[in-house]
There are 4 protein chains.
Amino acid sequence: MTKGRLEAFSDGVIAILITIMVLELKAPQSASLSELRAVVPSMLVYVLSYIYLGIYWSNHHHMFHAVHHVNGAILWANLHLLFWLSLVPFVTGWMNETHFASLQVAAYGAVLLLAACAYTILTRVLVAEHGKDSLIARGLGSDFKGNISLAIYVVAIALAYWQRWIACGLYAVVAAIWLVPDRRFEKLLQGKARAES
Amino acid sequence: MTKGRLEAFSDGVIAILITIMVLELKAPQSASLSELRAVVPSMLVYVLSYIYLGIYWSNHHHMFHAVHHVNGAILWANLHLLFWLSLVPFVTGWMNETHFASLQVAAYGAVLLLAACAYTILTRVLVAEHGKDSLIARGLGSDFKGNISLAIYVVAIALAYWQRWIACGLYAVVAAIWLVPDRRFEKLLQGKARAES
Amino acid sequence: MTKGRLEAFSDGVIAILITIMVLELKAPQSASLSELRAVVPSMLVYVLSYIYLGIYWSNHHHMFHAVHHVNGAILWANLHLLFWLSLVPFVTGWMNETHFASLQVAAYGAVLLLAACAYTILTRVLVAEHGKDSLIARGLGSDFKGNISLAIYVVAIALAYWQRWIACGLYAVVAAIWLVPDRRFEKLLQGKARAES
Amino acid sequence: MTKGRLEAFSDGVIAILITIMVLELKAPQSASLSELRAVVPSMLVYVLSYIYLGIYWSNHHHMFHAVHHVNGAILWANLHLLFWLSLVPFVTGWMNETHFASLQVAAYGAVLLLAACAYTILTRVLVAEHGKDSLIARGLGSDFKGNISLAIYVVAIALAYWQRWIACGLYAVVAAIWLVPDRRFEKLLQGKARAES
């Protein structure tokens, strides 16, 4: 089976998630400075969630360049990832409405953690189908970034009950780690293209 | 006519349906355990509806691999299927708001039943266009899973008035039947690929 | 310029329009027969609007099979069509909320009329770009269905102030006219395929 | 890396933005002329925002015809552009709800200004990747329209506090500048096609 529709469907879901988060934004009715200041955390969390969804789309895009074909297990591993991503706007809105209460900050981290686990499962299923020597297995390598992210999420969720702003800071740290360009797949594909020519 | 736009349009509609269901989720304002417990059935139904839409997308994806071309009748059989699927978020939300009242549980089953009928009609129209000896006709076979699902839906709808939780359980059973990998089309396409090489 | 992105963008917009109409549906809270009966007109109008959007998508799909390339004017003629289509869920919801008041029934017809005009403009721009002897010009022909639809819309809008249910009936009549399979483009493309082989 | 998914994702996001703006439209409940007159500015702003999103989609579509491949930096420059575009429905709705208060009119302009800057950054990143002699570098040229737009936005934002209707007029002027067909890329691609044949 070809990968075209899986890519198109994932693009569609992530595009919708990124845009429906705007509907969660509550605009202040007046123009007073104090009201505007109250909107700042909402805006920052919206930006953070936007960046997270952008990172997932970008990594998904890079990784699937090295994917050759898909099967039923890959379809469902991908749907499982999209399920957790689809909860990102929900927990973003929930955290905003409760003014960053501990439970909601932890819930935000839990959804990020489960999305990261789902991404890891997707990579495993892809490697199992394509083989240990495949382009995708070599592109993923030891997945240091993925493992360090999981560790930071767990720490942040635990901290949410005592130091919720530090937890939020840690979520931003993970996003920053991933924003640093990850050229594993680009290098690999360039090498492959060179070898073919 | 080529099948590309029909696939893209169906992907778009199902991607939107899966994501707008999140908007139906009502987040509890406090962090008390009793409020959180009240959200659990909502979450479970959301997961069930997500899995149902995922199954339809996955089966649609598998089946259209064996489709060669489309005509006006196929376009409308597909739009008919998408119509019933587009009511899934509506009945999911309705069942939640009324705390699983009998009528709403039956309505949920009725939409699932009509979506299943629409899928069956789509397969018939596809076979009528492609011929009894076509790849798609052989891939569908006797459609045992489809028929057993229709029977369970009818039983569940009838039970909804007396035993609504058993009805909900039966909806989950049908989803489980379909989650078990259905390799009919994968095997067939592999056989075809082998025969061609 | 190739037509791929114009098709994908149009598919995306129509897919979203078809699905956000569900959000307009108001579910009754109780299960009494009188409440359910009140929902019936809403459901019928939802079905009618769904069919209208389906017709536009299906016709767009058929017509663009005969389109070879696009330019800036075609992009904007298409965006103009999508603009009026994007108002269909708005007027559908408005008509429902006001329980089919005359003005809203007329507004529904006006949006349908303007969408039909926009579709006619799009066909003119396409023919202007491809030439009078092109596949698309021959496929459109005298456009009898298009012209009779415009006439019925005008009559229905005028009638909306006196006989709003007849106006609604006329909207359904136009949909029925278009649901009858229109094989102009299918025949033409088959003929072309035969000539080439 | 190929550009297909970046185009599909951008199409998806802009298609959703254009359609969710309809949800912001508040329909008047009665049919009195005074209520209808109150809706007119809302409708005009909706049309203006629709045209702006259409211009961005159309220009994106034209420009990417000349793009050969994408990298991580281009993905993020594009996501950055989509971020500001995703705020267009938000500021459109905000401006409407506050009946065109000065701050909100300025905010609308600020989002347009930042989207224009993001578009300029995207063009720079594309030129950096493809080289100064590439098709895309020649297609963009001196970007006179882009620069004059930025200047008009700055003037309009400054004017919003004193003359908010003039500010709105200036936003419409920029849209009009861009609606005038921009045939740079079309001419270039025609020239390239002619040279190749």
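All chains are named by letter (A, B, ...) in the order of the sequence lines, taking the proteins before the strands, and each is independently numbered beginning at 1.
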- Message: Taking atom CD as the centre, does E129(C) end up with more than 12 heavy-atom neighbours from other residues, nucleotides or ligands that are less than 6.0 angstrom away?
- Response: yes
- What part of L79(C) lies closer than 4.5 angstrom to a heavy atom of chain D: side chain, backbone, both or neither? both
- Name all residues meeting the side-chain hydrogen bond (donor to acceptor under 3.5 Å, both in side chains) criterion together with S10(C); count only those two or more places apart in sequence or in a different chain, and write none if there are none. N78(C)
- From F83(C) atom CZ to I18(D) atom CD1, the distance as rounded to the nearest 0.5 Å: 10.0 Å
- From L85(C) CG over to T19(D) OG1, what is the distance, rounded to the nearest 0.5 angstrom? 11.5 Å
- Which heavy-atom pair separates W76(C) from I51(D) by the least distance, and what is that distance? CH2-O, 3.6 Å
- Non-hydrogen atoms of G12(C) and A15(D) that approach each other most closely: C-CB, 4.1 Å
- Say you draw a straight line from NE2 of H61(D) to CZ of R5(C); how long is it, rounded to the nearest 0.5 Å? 6.0 Å
- State the CG-CH2 distance between L75(C) and W57(D), to the nearest 0.5 angstrom. 5.0 Å
- Message: Quick check for you: to the nearest 0.5 Å, what is the distance between M43(D) atom CE and F90(C) atom CZ?
- Response: 6.5 Å
